[in-house]
Amino acid sequence: MQLSEQELVRREKLNKLREMGINPYPANLYPVTHTSKQVKATFEEGKTVNVAGRLMSIRVQGKASFAQLQDSEGKIQVYFNRDEICPGDDKTKYNDLFKKLIDFGDFVGVEGELFTTQVGEKTIKAKDFTLLSKTLKPLPLPKEKDGVTYDAFTDPEQRYRQRYADLVVNPHVKNVFIKRTKLFNAMRQFFNDAGYFEVETPVLQPIPGGAAARPFVTHHNSLDIPLYMRIANELYLKRLIVGGFDGVYEFSKNFRNEGMDRTHNPEFTAMEIYVAYKDYNWMMLFCEQLLEHCAIAVNGTTKATFGNHDIDFKAPYARVTMADSIKHFTGFDISGKSEEEIRKAAKDMGVAVDDTMGKGKLIDEIFGEKCEGNYIQPTFITDYPKEMSPLCKEHRENPELTERFELMVCGKEIANAYSELNDPIDQRERFEHQLELAKKGDEEATGTIDYDFLRALEYGMPPTSGMGIGMDRLLMFLTNNQSIQEVLFFPQMKPEKKQVEMNEDEKAVFALLKTTSPIELVDLKERSGLSNKKWDKTIKFLTGQKLAKVNKIDNDLFVEVIL
RNA sequence: GACUCGGUAGCUCAGCUGGUAGAGCAUAACACUUUUAAUGUUAGGGUCCUGGGUUCGAGCCCCAGCCGGGUCACCA
């Protein structure tokens with residue numbers, strides 16, 4: 001491993017500590033009495049406290065030093081005075097241990113008395129301190145003065161790959177994740193108070209249903225069948241409504257094997273809730289109350305800022321039917337129009353459409369192009385075309401529509417809800433229709449019918465309303481983050497290519513291979529000039545490190561370089 | 001997938017028409033007992049993402065690739 005100068009220095013310090021009889025990674029607990037926040041909140045001159053955390057920004061001033069100690073709740077200043085720490089003649093603990101062997105980032109426990117400095121800062125005067133854990137790698141080091149941060153750790157790639165470092169040095173990042181947990185807790189509490197059950201359903205599914213998306217496939221060895229990672233939990237939750245629960249919900253990790261961008265991560269968290277004997281009108285009321293509750297729990301207010309937009313989650317939210325929305329923004333009234341009339345209107349508006357699109361798809365295209373982006377404040381868009389919604393009940397007044405709403409915020413969808421389809425025959429027909437579309441090559445259509453789900457519906461499902469909320473998206477709005485990566489601890493990244501260390505033989509063979517690849521194995525071995533044993537070891541290393549690959553073509557072996 | 005911007009010290013970033021690689025902080029040494037981006041003096045630290053090419057000479061120009069950001073396309 002290639003170490004930087006600073007990393008080598010810290011390893012030397014580690015050795016010196018051990019020579020001094022100090023364990024840099026002691027096993028025993030440290031008796032913490034206060035967090036940094038508690039120290040400040042219950043500050044009393046002269047009070048004795050024990051705190052623990054990382055030392056940040058150590059400012060040595062000869063026989064006394066100031067440091068910031070950072071714990072889970074913030075920072076507190078600690079004053080290290082030589083004669084306080086070393087009351088006797090032996091000053092090594094301050095002169096050598098503190099000044100020379102303790103670094104920025106190290107964990108220490110401090111026992112001391114509270115006092116206020118001449119500049120008025122609440123400070124702990126250390127009477128004693130204990131090294132709790134030595135850091136070998138220097139953290140990125142942002143500095144702050146008067147609220148301005150200098151040399152901030154901002155490179156997104158490094159921040160996402162090394163979230164641990166990001167969290168240590170960027171308090172605002174930590175705050176996003178505190179809000180994330182507050183959001184989940186608030187929502188969970190709201191549902192529990194309403195009397196609904198939190199449940200768990202399978203992540204590994206034999207048929208990936210409930211949405212149209214490409215799933216991840218895996219294989220179960222003893223069953224010897226393919227299993228799919230869930231793309232939605234809808235069909236399982238409805239089975240539970242069939243089973244007799246009045247309300248069930250689940251925070252579900254879903255997995256979709258599709259493109260990644262600033263609003264899509266391969267795994268993301270959705271919340272889905274299903275409530276019996278309700279319809280989508282009830283769900284709209286429930287939804288706006290829920291979001292108002294969550295916004296307050298997370299931010300203390302219903303107001304939020306997202307980019308240039310000020311939004312307010314205070315209920316009630318505007319309700320607009322899709323037809324009215326299109327009429328409002330384009331002047332075109334879709335009601336009662338034929339597919340051809342709508343296609344022509346779309347073309348006249350400059351919306352890109354083609355002849356394969358059905359009526360529903362055309363309407364959706366027009367809405368997406370001309371209307372969607374205009375809804376900044378939370379707005380329910382209702383009554384979607386039937387084709388787009390194979391799991392949704394037909395509208396009670398118009399058979400071309402469904403009882404569905406989406407909640408739009410800043411032009412983006414954050415919730416999607418239905419009066420759930422519970423007619424098993426209709427559901428079967430719609431699945432079969434999807435199957436037809438899929439056979440014709442519609443990639444959005446679902447290609448497999450979940451007959452077990454249909455069997456469940458045949459036992460009878462009460463009228464039910466269901467809703468899904470994209471938790472990551474919602475959190476983006478509540479924390480003013482434009483990128484989903486900022487609200488996931490560990491967003492998916494391409495693996496880092498690690499620099500492989502090779503010995504001289506391996507380097508030589510690899511260099512040969514790079515000039516000619518693929519090359520016959522015998523030929524490469526010849527050219528390497530290595531003994532049988534050495535050759536064997538070398539080629540096994542290269543293939544083991546996935547730097548080279550051996551292929552058998554007919555009866556000849558070829559070695560190929562892997563880039 | 002397309003376009004575009006970027007990758008230089010532990011961190012944040014400069015780097016001239018192509019001519020021995022820089023700063024601040026951090027690190028090491030010395031001084032300094034209420035400072036706070038502490039300060040002063042001194043020193044060390046680099047595979048300029050990788051691989052090719054052009055050139056007497058490449059961090060810089062050209063080609064290919066890797067990784068990331070952004071925009072667009074795709075997206076129940």
Side-chain angles (χ1 to χ4, degrees), chain A residues 2-10 12-13 56-68 75 77-85 94 99-100 103-105 115-121 123 125 135-162 165 169 209-214 231-232 234 254 256-264 270 352 360-361 364 368 384-385 387-392 402 404 406 413 416 418 434 443-446 468 470 482-483 485 491 493-497 499 511 514-515 561 563:
Chain A
Q2 193 65 41
L3 293 175
S4 72
E5 185 198 18
Q6 293 192 44
E7 288 171 308
L8 289 168
V9 166
R10 292 197 177 198
E12 279 166 27
K13 289 181 179 180
M56 315 291 273
S57 89
I58 305 166
R59 300 183 293 275
V60 178
Q61 276 179 89
K63 298 181 183 65
S65 304
F66 289 90
Q68 293 286 332
K75 289 181 185 168
Q77 178 164 270
V78 183
Y79 175 63
F80 292 89
N81 183 305
R82 189 190 68 182
D83 299 326
E84 297 281 346
I85 289 163
Y94 180 79
K99 276 172 72 176
K100 306 235 185 242
D103 284 297
F104 162 69
F115 79 111
T116 310
T117 63
Q118 287 176 3
V119 220
E121 180 148 347
T123 303
K125 185 188 290 178
T135 57
L136 295 182
K137 204 172 174 62
L139 286 161
L141 181 60
K143 291 163 293 292
E144 196 190 313
K145 183 184 185 168
D146 303 329
V148 184
T149 304
Y150 300 84
D151 295 346
F153 181 52
T154 53
D155 177 35
E157 177 168 6
Q158 292 203 67
R159 287 184 43 237
Y160 303 150
R161 287 194 194 281
Q162 303 184 38
V169 302
R214 250 191 303 166
I231 55 175
E234 172 154 3
N254 295 342
R256 297 187 180 177
N257 203 344
E258 291 172 348
M260 291 165 61
D261 59 31
R262 72 182 200 296
T263 56
H264 294 82
K361 181 78 183 162
D364 192 57
Y384 282 62
E387 284 183 31
M388 314 295 304
S389 319
L391 296 163
C392 184
T402 51
R404 171 179 179 182
E406 288 194 358
E413 165 204 342
N416 183 16
Y418 305 149
Q434 289 284 308
E443 288 186 356
E444 289 179 29
T446 307
Q482 308 286 326
S483 166
Q485 297 169 109
M493 304 284 277
K494 271 206 183 184
E496 291 176 273
K497 272 226 173 119
Q499 206 75 27
K514 275 197 287 191
T515 58
V561 68
L563 290 177

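Below, chain A is the first sequence line, B the second, and so on; all start at residue 1.
A:P142 comes within 4.0 angstrom of no nucleic acid atom, judged by non-hydrogen atoms across all strands. Using a 4.0 Å heavy-atom cutoff across all strands shown, A:V169 reaches no nucleic acid atom at all. In this structure, A:Q77 reaches the bases: a heavy-atom distance under 4.0 Å links it to at least one base atom across the strands shown. Residue contacts for A:F104: at a heavy-atom cut-off of 4.0 Å it reaches no nucleic acid atom on any strand shown. Backbone-only engagement by A:Q158 is indicated by non-hydrogen atom pairs under 4.0 Å involving sugar-phosphate atoms exclusively. Residue-level contact check: A:A232 touches neither bases nor backbone, having no heavy atom under 4.0 Å from any strand.
For a distance-only test at 3.5 Å, the side chain of A:Q434 qualifies as a donor-acceptor partner of the base of B:A76. Donor-acceptor pairing under 3.5 Å, judged by distance alone, is present between the side chain of A:E121 and the base of B:U36.
Stacking of the aromatic ring of A:F66 onto the base of B:A38 is not found under the criterion of centres within 5.5 Å and planes under 30°.
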Contact pattern, 5' to 3', of nucleotides 68-73 of chain B - B, S or - by protein heavy atom under 4.0 Å: SS-S-B

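Across all strands shown, nothing is found opposite B:G46 as a Watson-Crick or G-U wobble partner with both distances under 3.5 Å. Base pairing analysis places B:C72 opposite B:G1; the two distances defining the Watson-Crick or G-U wobble pair are each below 3.5 Å. Figure legend. B:G40 is base-paired to B:C30; pairs are counted as Watson-Crick or G-U wobble with both atom distances under 3.5 Å. Pair check for B:G10 finds B:C25; Watson-Crick or G-U wobble, both atom distances under 3.5 Å. Here B:U54 sits opposite no nucleotide as a Watson-Crick or G-U wobble pair (both hydrogen-bonding atom distances under 3.5 Å).
Taking 4.5 Å as the limit, every side-chain heavy atom of A:R82 sits out of range of all side-chain heavy atoms of A:S65. A 4.5 Å side-chain heavy-atom check between A:T117 and A:Y79 finds every atom pair outside the cut-off.
Taking atom P on both B:C49 and B:U34, the two are 46 Å apart, rounded to the nearest angstrom. Atom P of B:U4 sits at a distance of 31 Å from the matching atom of B:G57, rounded to the whole Å.
The side chain to side chain contact (heavy atoms under 4.5 Å, CB included) check on A:S389 picks up A:Y384, A:C392, A:T402, A:R404, with sequence neighbours excluded.
Of the candidate nucleotides B:A76, B:A38, B:U12, B:A76 has the atom lying nearest to any side-chain atom of A:A211. Comparing B:U34, B:C75, B:G24 against the side chain of A:Y79 picks out B:U34 as the nearest.
Contact annotation: A:K63 side-chain N/O to B:U33 OP1/OP2 distance is under 4.0 Å.
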What nitrogen or oxygen pairs link the protein and nucleotides 28-30 of chain B at under 3.5 Å?
from: B:A28; atom 1: OP1; to: A:K13; atom 2: NZ; distance (Å): 2.3
from: B:C30; atom 1: OP2; to: A:K100; atom 2: NZ; distance (Å): 2.7

